[in-house]
Amino acid sequence: MHGVPKESVRRHPALVPLSQDHQRELAHARRLLRAADAGPEQRLAVASAYAGAFFAETVGHFRREEEILFPLYVRHAGSTPTLERILREHMQLHGLARALQAAAAAGEIPPQALRTLGELLHDHVRAEERELFEEIERVVPAAELKGLIL
């Protein structure tokens, strides 16, 4: 198992689609962080690509978590600091993606905008996978997770 990332840990099958989305988001975070050190054209290309992916894919991912998975977790655990952090970060990520979209439309992407979004996205995905999803698997009965369609 040496060198295998923690995200490769087996997830309940119901959570696998969300975990696969998380792997794509980590790749986006790496691209955003790399682009922060690149030239203006590369920053613009990466920013535009991420803004498009965010509104085409990530918003739906957040919706599935917030409307289906998280309410099930709350029924068993109540509101937790981890869940509150994740929900707050969903709002922050949405705001940063909107700001990035506006900056891309204006044609000028500040490196710090990419860095801020990339770092938050990376840390958010890690927290969901390593903290929240592990808590969900611990407190929500497997039979209830099995019935989820995510």
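Counting from 1, the numbers follow the sequence of the chain as shown.
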Donor-acceptor pair, side chain of R11 and main chain of E129, under 3.5 angstrom
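Checking the backbone N and O of E129 against the side chain of R11, a donor-acceptor pair under 3.5 Å is found.
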
Which class fits the ring pair F133 and H22: parallel under 30°, tilted 30 to 60°, perpendicular over 60°?
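Aromatic pair F133/H22 classed tilted.
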
A side-chain contact here means heavy atoms from C-beta on lying under 4.5 Å apart; do R31 and Y50 qualify?
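R31 does not reach Y50 side chain to side chain.
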
Rounded distance [0.5 Å steps], CD in E131 versus OG1 in T80
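Between atom CD of E131 and atom OG1 of T80 there are 9.5 Å.
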
Electrostatic pair D21:R24 at N-O distance under 4.0 angstrom
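Counted as a salt bridge, because a side-chain N and a carboxylate O are separated by less than 4.0 Å.
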
Considering only heavy atoms from C-beta outward, does the side chain of F70 approach that of H90 to under 4.5 Å?
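Of all side-chain heavy-atom pairs linking H90 with F70, at least one is under 4.5 Å.
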
With heavy-atom distances below 4.5 Å as the criterion, would you say the side chains of T82 and E128 are in contact?
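A side-chain contact is absent here, since even the closest heavy-atom pair is not under 4.5 Å.
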
Count I, L, V, M, F, W, Y as connected when their side-chain heavy atoms are under 4.5 Å apart, and connections chain through other members. Are L132 and L120 then in the same cluster?
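No, L132 does not connect to L120 through the hydrophobic network.
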
Regarding E89 and R85, does a basic nitrogen lie under 4.0 Å from an acidic carboxylate oxygen?
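Salt bridge present between E89 and R85.
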
Is there a path of hydrophobic side-chain contacts, each under 4.5 Å between heavy atoms of I, L, V, M, F, W or Y residues, that connects F62 with L26?
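As far as the 4.5 Å side-chain criterion goes, L26 and F62 are connected within one cluster.
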
Side-chain contact test, heavy atoms from C-beta onward, threshold under 4.5 Å: evaluate it for I68 versus L72 and give yes or no.
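No; the side chains remain at least 4.5 Å from each other.
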
Answer yes if the side chains of E119 and H124 hold a donor-acceptor pair under 3.5 Å, and no otherwise.
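Short answer, no.
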
Distance-only, no hydrogens or angles: does the E25 side chain make a donor-acceptor pair with backbone N or O of V125 under 3.5 Å?
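Checked: no pair found.
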
Which atom names give the shortest non-hydrogen contact between G118 and A29, and what distance separates them?
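Between these two residues, the closest heavy atoms are O-CB, 3.5 Å.
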
To the closest 0.5 Å, what do you measure between CD1 (I86) and CD (E135)?
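Taking CD1 in I86 and CD in E135, the distance rounds to 9.5 Å.
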
Taking side chain as C-beta onward, heavy atoms only, is P141 less than 4.5 Å from K146?
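In short, these two side chains do not touch, never coming nearer than 4.5 Å.
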
Could you grab the distance from atom CG of L44 to atom CD of Q42, nearest 0.5 Å is fine?
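The CD atom of Q42 is 9.5 Å from CG of L44, to the nearest 0.5 Å.
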
For residues D37 and R115, determine if any side-chain heavy atom of one lies less than 4.5 Å from a side-chain heavy atom of the other.
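Yes, side chains in contact.
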
Contact summary for P17 and L150, nearest pair of heavy atoms:
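Smallest heavy-atom distance, with atoms named: CB-O, 4.5 Å.
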
Using the rule that two of Ile, Leu, Val, Met, Phe, Trp, Tyr join whenever any of their side-chain heavy atoms come within less than 4.5 Å, decide whether L18 and L121 are in one cluster.
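No, it is not one cluster - the side chains of L18 and L121 are not joined through contacts under 4.5 Å.
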
Do H61 and E65 pair up side chain to side chain, a donor and an acceptor below 3.5 Å, judged on atom types alone?
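Side chains of H61 and E65: pair found under 3.5 Å.
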
Close side-chain approach of T58 and L93, heavy atoms under 4.5 Å:
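Side chain of T58 against side chain of L93, heavy atoms only: no contact under 4.5 Å found.
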
Minimal non-hydrogen separation, A47 against L114, with atom names:
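For A47 and L114, the tightest heavy-atom pair comes out as CB-CD2, 4.1 Å.
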
Please answer: with hydrophobic residues joined when any side-chain heavy atoms are less than 4.5 Å apart, are V74 and L15 in the same cluster?
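Yes; tracing contacts between hydrophobic side chains, which count when under 4.5 Å, links both residues.
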
Would F55 and H94 satisfy ring-ring contact (aromatic ring centres under 6.0 Å, His included), going step by step from the backbone distance to the final call?
CA-CA 9 Å; F55 292 104; H94 208 109; 5.7 Å; yes

How many angstroms lie between NE2 in H76 and CZ in R138, if you round to the nearest 0.5 Å?
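Answer rounded to 0.5 Å: 13.0 Å.
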
Side-chain donor/acceptor of R43 to backbone N/O of I109, under 3.5 Å:
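Answer holds: yes.
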
Quick check on the hydrophobic clustering: are L87 and Y73 connected, directly or via other members, by side-chain heavy-atom contacts under 4.5 Å?
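Yes, same cluster.
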
Please name the pair of heavy atoms, one in P111 and one in A36, separated by the smallest distance, quoted to 0.1 Å.
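For P111 and A36, the tightest heavy-atom pair comes out as CB-O, 3.3 Å.
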
